[in-house]
K.L.:
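Dropping a structure here in structure tokens format, bear with me for questions.
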Amino acid sequence: MLPARIFAVAPPALVILALSGCSSWDCTDTTAERGKAGVRVQVVDTGGQPLGVTAAVVDWRPEPHPQLPSEGDRVHFHFRFDSANEHSDTAVDACAVDKERVALGCKTVYSSQAFGPADDPLTGDDWLTVEHPEQVAGVLLIPNNQSHDGPTCEADIKDGGGMHPPEAPNRGDQL
């Protein structure tokens, strides 16, 4: 038989736990659907809503990286983010693709890279590494904003979960 004192303390303690949110966490992770890649895209949040920022590939060409010329050609591309500011954290995945839109090499580019001392201060540049530069037919951007991915349920059961950006594209992904 349990002492009466336990029954008197237990209900208030359970109420405090329930009100603090510690009684049970219903944490769910959801991954946003990858948007349609293009040369010019409207950047969208994880819910698919436009952020008012346009990202575009300005030009691209295969050429040796100036710091690693012995490694052969890479894909040098220029991009711009319109309606972003230099403190914006907007980011999209850029991929070199073949004529069938299969990813040959990808990386994330940030709007903050497109500001600074350049001929066009809204334009940035970067390099993509691909195995066969001669197969590159273009560079495409994926419209999903990659700049913020909160913690997952696995990493933080209490504050994690929710909608996350799609996984980064891999070589061989159809875009």
Side-chain angles (χ1 to χ4, degrees), residues 21-62 74-116 118 120-131 133 135-175:
C22 296
S23 61
S24 81
W25 288 286
D26 185 20
C27 189
T28 305
D29 287 309
T30 308
T31 302
E33 186 174 321
R34 183 183 290 165
K36 183 171 173 57
V39 173
R40 182 177 178 84
V41 296
Q42 293 290 320
V43 181
V44 297
D45 65 15
T46 54
Q49 297 302 307
L51 295 176
V53 176
T54 301
V57 175
V58 177
D59 64 16
W60 67 273
R61 64 189 165 279
R74 294 186 180 191
V75 178
H76 185 206
F77 68 104
H78 289 88
F79 59 91
R80 68 182 285 129
F81 283 85
D82 292 320
S83 300
N85 64 51
E86 63 186 292
H87 304 293
S88 171
D89 64 351
T90 306
V92 296
D93 289 321
C95 296
V97 297
D98 67 11
K99 63 184 177 195
E100 295 172 5
R101 297 174 60 106
V102 172
L104 302 173
C106 301
K107 74 181 317 179
T108 303
V109 293
Y110 294 82
S111 59
S112 59
Q113 291 175 261
F115 289 91
D120 179 354
L122 297 178
T123 301
D125 75 312
D126 214 325
W127 298 81
L128 293 165
T129 303
V130 297
E131 286 185 36
Q135 293 178 351
V136 176
V139 175
L140 301 178
L141 302 174
I142 298 171
N144 306 85
N145 185 13
Q146 296 290 334
S147 67
H148 177 71
D149 189 7
T152 62
C153 294
E154 183 178 359
D156 186 346
I157 189 76
K158 184 175 176 235
D159 296 322
M163 187 68 81
H164 300 279
E167 294 291 323
N170 294 308
R171 282 189 185 153
D173 284 1
Q174 180 75 45
L175 302 179

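In what follows, residues are counted from 1 in the order of the sequence shown.
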K.L.:
Less than 4.5 Å apart, side chain to side chain, heavy atoms only: is that true for Gln135 and Val130?
P.N.:
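No, their side chains stay 4.5 Å or more apart.
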K.L.:
Can you say whether the rings of His76 and His78 are parallel (under 30°), tilted (30 to 60°) or perpendicular (over 60°)?
P.N.:
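Taking His78 first and then His76, their aromatic rings sit tilted (interplane angle of 30° to 60°).
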K.L.:
So Val136 and Val97, side chain to side chain contact (heavy atoms under 4.5 Å, CB included) or not? Walk me through it.
P.N.:
CA-CA 6 Å; Val136 176; Val97 297; over 6 Å; no
K.L.:
If you compare all heavy atoms of Asp93 against all heavy atoms of Pro169, which two are closest, and at what distance to 0.1 Å?
P.N.:
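What the structure gives for the nearest pair is OD2-CD, 3.2 Å.
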K.L.:
Checking the side chain of Gln174 only, and the main-chain atoms of Glu100 only, is there a donor and an acceptor separated by less than 3.5 Å?
P.N.:
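Yes: the side chain of Gln174 pairs with the backbone of Glu100.
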K.L.:
Would you compute the distance between atom CG of Leu141 and atom CD of Gln42 and round it to the nearest 0.5 angstrom?
P.N.:
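If we round to the nearest 0.5 Å, Leu141:CG and Gln42:CD are 12.0 Å apart.
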K.L.:
Where do Val43 and Ala55 come nearest, in terms of heavy atoms and distance?
P.N.:
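Scanning both residues completely, I find the closest heavy atoms to be CG2-CB, 4.1 Å.
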K.L.:
Keeping the roles fixed (side chain from Asn144, backbone from Gly35), state whether a donor-acceptor pair exists under 3.5 Å.
P.N.:
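Checking the backbone N and O of Gly35 against the side chain of Asn144, a donor-acceptor pair under 3.5 Å is found.
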K.L.:
Do Pro166 and Gln146 come close enough that some side-chain heavy atom pair is under 4.5 Å?
P.N.:
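With C-beta onward as the side chain, the pair touches.
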K.L.:
CZ of Phe81 to OG1 of Thr90: how many Å apart, nearest 0.5 Å?
P.N.:
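That separation rounds to 6.5 Å.
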K.L.:
Taking all atoms of both residues into account, what is the closest heavy-atom pair of Trp127 and Lys107, and its distance?
P.N.:
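For Trp127 and Lys107, the tightest heavy-atom pair comes out as O-CD, 3.3 Å.
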K.L.:
Measuring from Ile142:CD1 to Asp173:CG, what's the distance to the nearest 0.5 Å?
P.N.:
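Reported to 0.5 Å precision, the distance equals 8.0 Å.
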K.L.:
Begin with the C-alpha distance, continue with both residues' side-chain angles, and end with the deciding distance and a verdict on side chain to side chain contact (heavy atoms under 4.5 Å, CB included) for Trp60 and Leu128.
P.N.:
CA-CA 10 Å; Trp60 67 273; Leu128 293 165; over 6 Å; no
K.L.:
Any side-chain heavy-atom pair from Val109 and Phe77 closer than 4.5 angstrom?
P.N.:
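Yes, their side chains come closer than 4.5 Å.
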K.L.:
What pair of heavy atoms forms the shortest contact from Arg40 to Ala56, and how long is it?
P.N.:
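Result for this residue pair: NH1-CB, 4.0 Å.
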K.L.:
Please answer whether the main-chain N or O of Leu175 pairs with a side-chain N or O of Arg101 as donor and acceptor at a distance below 3.5 Å.
P.N.:
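Between the backbone of Leu175 and the side chain of Arg101 there is a qualifying donor-acceptor contact (under 3.5 Å).
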K.L.:
About how many Å separate OG of Ser111 and CG of Leu51, when rounded to the nearest 0.5 Å?
P.N.:
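Spacing of CG (Leu51) from OG (Ser111) equals 10.5 Å.
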K.L.:
Would you say that Val39 contacts Leu140 through its side chain, given a criterion of any heavy-atom pair below 4.5 Å between the two side chains?
P.N.:
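Counting from C-beta outward, Val39 and Leu140 do come under 4.5 Å.
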K.L.:
Is there a donor-acceptor contact under 3.5 Å from the side chain of Arg34 to the main chain of Glu167?
P.N.:
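Answer holds: yes.
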K.L.:
Can you check side chain to side chain contact (heavy atoms under 4.5 Å, CB included) on Asn145 and Asp45, steps first, answer last?
P.N.:
CA-CA 6 Å; Asn145 185 13; Asp45 65 15; 5.6 Å; no
K.L.:
Is there a donor-acceptor pair closer than 3.5 Å between any side-chain N or O of Asp98 and the backbone N or O of Leu104?
P.N.:
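Here the side-chain-to-backbone pair does not exist.
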K.L.:
Once rounded to the nearest 0.5 Å, what's the spacing between atom SG of Cys153 and atom CG of Asp26?
P.N.:
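CG of Asp26 is found 8.5 Å from SG of Cys153.
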